[in-house]
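Heads up: the structure comes next, in structure tokens.
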Amino acid sequence: MRRLIHRWLSVLAVVMVAMPMLAPGTAAAQGDSRTFPETGKTVRATFLQYWNTHGGLAQQGFPISDEMQEVSDTDGKTYTVQYFERAVFELHPEFAGTPNEVLLSLLGVFLYKQKYTAIDGAPGQQPNNEAGSVVFPETGKRVGGKFLAYWQTHGGLAQQGLPISDEFIEVNDLDNKPYRVQYFERAVFEIHPEFAGTPNEVLLSQLGTFRYRQKYLQPATPTPAPATPAVTVPTPTTAPPAATPTSEPPNPCADVPASVNANVSPVCAQPGTTFNFSARGFQPGENVGVYATQPNGAVFGAPFQVEADGAGTVGGVSLRTNSSSPVGVWAMTFEGTSSGNRSIAYFKLVSQTAPTPTAVAGQTCDTSGNRNGSATPSSGRPGTIISIRATGFNPSEGVSFWFTLPNGDVFGTAEPLPPGIVNPDGSIGPLPIEIDAEMAAAAEGRWAITFQGASSGNVAVIYFCVLR
């Protein structure tokens, strides 16, 4: 099957007459404010400056509220605050013009008291006695090893606060996995051995998320999933052939939002699938943070960084799901550490895709349901050349494509092909697919080819049948 992709890439290389470089995207920031599409919240002025200069996404997380007035649980005074996933920013005008104009709420203290005060502290605590460890006389707690190194290099007292516990094992409230943790006044440190030797070996719990949900949301209310835009991304589905026409079952993949400056292949599949991503619009050579968000708004795994290539694009990122991965719409976010550009790839895990029929020798199979395209003829045996056309794209955009076989397997390109595949009128094609004996023997039945525009988000799905 892979030879089909190579043949098609050769065909596309012939029909593409222009190959300009992809233009860099622009960050969602204007002046002294910045809107985060992942949550729809805007950070501005002093809070934005603090976010940018104190670790950004990895240290503070995304904003999850707008600015508001809130009475401090520490001193009973009213401050302008804004909630982020890992922190709450407080504006202190009495310190205007000093490093203390923005202070962080004592979220670690609040959570620790809530969870462990009734049992006289967290169970199973063990002080870290590694060489070089430090005892903080203010609280009597010892910090050592990787936690101490992180504390010293990520803001120390001002950002993290004093330690209020020793190390112990705790089950994370977001992914239900046990981690070695240590509580500080403003943070909870977690050891992630799966990232040993990387900057992500120590990560911070989402204390801002916990506190915000506790104070302002119903306990069982999850973070809303991304809103579905007008453009949706279907995955080929069909009903079994019948003597008389039948309506197809509801498409479980019809509510996937269009990706923003990013591509994912496949767009929709069952748990256990490996999804492949690419993103664009970054500065050449800059570090790009990568961040996966589950359907309930929880962060999956941990942020990590990759380097953009000379064209400002990122590729080679994949996410392997398993049988326990939650179904629904996911988001893979790419964030430039210097440009601030964000690219988001939306994809969906579904519990069960619609059945795909296998063609019976000598018969045709159902090729109805094309979207923004056509195949002529719509079926054929080895030796037949099928002409593919697709419409609705921007003339200057790159386009990725992938094939879906009758058994549901998906293969194709995650990286968008350079501009030039799209005709001046926004159409693609005619492009030939020659059915050969290998295709017929290995995958007889209904196939689909899907095109996705890199900037427009337009999707074309064209069905054709391979017969023996």
Side-chain angles (χ1 to χ4, degrees), residues 46-47 50-51 53-56 58-61 63-65 70-92 94-95 98-128 133-170 172-174 179-192 202-215:
T46 307
F47 282 168
Y50 188 94
W51 192 92
T53 57
H54 289 77
Q59 189 70 40
Q60 315 297 349
I64 57 175
S65 81
E70 184 178 78
V71 177
S72 170
D73 294 310
T74 301
D75 62 14
K77 297 180 180 179
T78 300
Y79 297 101
T80 298
V81 305
Q82 187 164 10
Y83 278 73
F84 294 78
E85 289 175 310
R86 295 183 172 89
V88 178
F89 291 9
E90 290 181 354
L91 187 64
H92 286 257
E94 68 273 24
F95 299 128
T98 75
N100 295 323
E101 187 171 2
V102 176
L103 296 176
L104 304 184
S105 297
L106 303 178
L107 295 182
V109 173
F110 301 145
L111 183 63
Y112 190 76
K113 287 182 177 179
Q114 181 186 57
K115 297 180 73 171
Y116 300 116
T117 296
I119 56 175
D120 196 27
Q125 296 186 52
Q126 296 179 344
N128 189 312
S133 61
V134 176
V135 174
F136 287 74
E138 297 89 345
T139 60
K141 302 301 180 182
R142 181 180 290 273
V143 184
K146 299 187 184 299
F147 284 165
L148 178 61
Y150 189 94
W151 190 90
Q152 292 172 333
T153 57
H154 289 76
L157 182 63
Q159 178 70 38
Q160 316 297 351
L162 296 168
I164 57 174
S165 82
D166 289 312
E167 296 182 9
F168 63 98
I169 302 299
E170 181 181 70
N172 185 283
D173 292 325
L174 289 180
Y179 297 102
R180 178 167 293 279
V181 305
Q182 186 165 11
Y183 275 69
F184 294 76
E185 290 176 309
R186 297 183 173 92
V188 178
F189 292 8
E190 294 177 351
I191 285 286
H192 284 255
V202 176
L203 295 174
L204 303 182
S205 296
Q206 291 192 32
L207 298 189
T209 299
F210 300 146
R211 187 64 173 168
Y212 186 74
R213 290 180 180 176
Q214 180 187 60
K215 295 188 71 171

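Remember, predicted model here, so these are calculated numbers, not experimental data. The first residue in the sequence is number 1, and the count goes up from there.
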Worksheet item: Does a side-chain N-to-carboxylate-O contact under 4.0 Å join E170 and K115?
Response: yes

Worksheet item: Mind checking what makes salt bridge (Lys or Arg N to Asp or Glu O under 4.0 Å) contact with K77, not counting sequence neighbours?
Response: none

Discussion item. Applying side chain to side chain contact (heavy atoms under 4.5 Å, CB included), can you list everything that pairs with V134, at least two apart in sequence or on another chain?
Written reply: F136, L148

Fill in: With sequence neighbours excluded, residues passing side chain to side chain contact (heavy atoms under 4.5 Å, CB included) with T53
none

Worksheet item: Any side-chain heavy atom of K146 within less than 4.5 Å of one from I191?
Response: yes

Worksheet item: If we only count heavy atoms from C-beta on, is the I64 to F84 side-chain gap below 4.5 Å?
Response: no

Worksheet item: Looking at the rings of Y116 and F168, which for Trp means the six-membered one, are their centres under 6.0 Å apart?
Response: yes

If we ignore hydrogens and angles and just use 3.5 Å, is the side chain of [X] paired with the main-chain N or O of [Y] as donor and acceptor?
{"X": "D166", "Y": "R142", "value": "yes"}
{"X": "E185", "Y": "I164", "value": "no"}
{"X": "Q160", "Y": "H154", "value": "yes"}
{"X": "Y50", "Y": "L103", "value": "no"}
{"X": "R180", "Y": "I169", "value": "no"}

Practice prompt. Measure the OG-CZ distance between S133 and F147 for me, rounded to the nearest 0.5 Å.
Written response: 13.5 Å

Response to the item:
Rounding to 0.5 Å, atoms CD (E101) and CZ (F89) come to a distance of 13.0 Å

Worksheet item: Under the side chain to side chain contact (heavy atoms under 4.5 Å, CB included) criterion, do L91 and T46 qualify, and how do the steps go?
Response: CA-CA 8 Å; L91 187 64; T46 307; 4.1 Å; yes

Worksheet item: When you look at W151 and L157, which way does the side chain to side chain contact (heavy atoms under 4.5 Å, CB included) test go after all the steps?
Response: CA-CA 8 Å; W151 190 90; L157 182 63; 4.0 Å; yes

Practice prompt. Go through the steps to decide whether E70 and T78 satisfy the test side chain to side chain contact (heavy atoms under 4.5 Å, CB included), and finish with yes or no.
Written response: CA-CA 5 Å; E70 184 178 78; T78 300; over 6 Å; no

Worksheet item: Is there a donor in the side chain of E167 and an acceptor in the side chain of N128, or the other way round, less than 3.5 Å apart?
Response: yes

Discussion item. Determine whether Q159 and H54 satisfy the following criterion, side chain to side chain contact (heavy atoms under 4.5 Å, CB included), listing intermediate values before the conclusion.
Written reply: CA-CA 8 Å; Q159 178 70 38; H54 289 77; 4.0 Å; yes

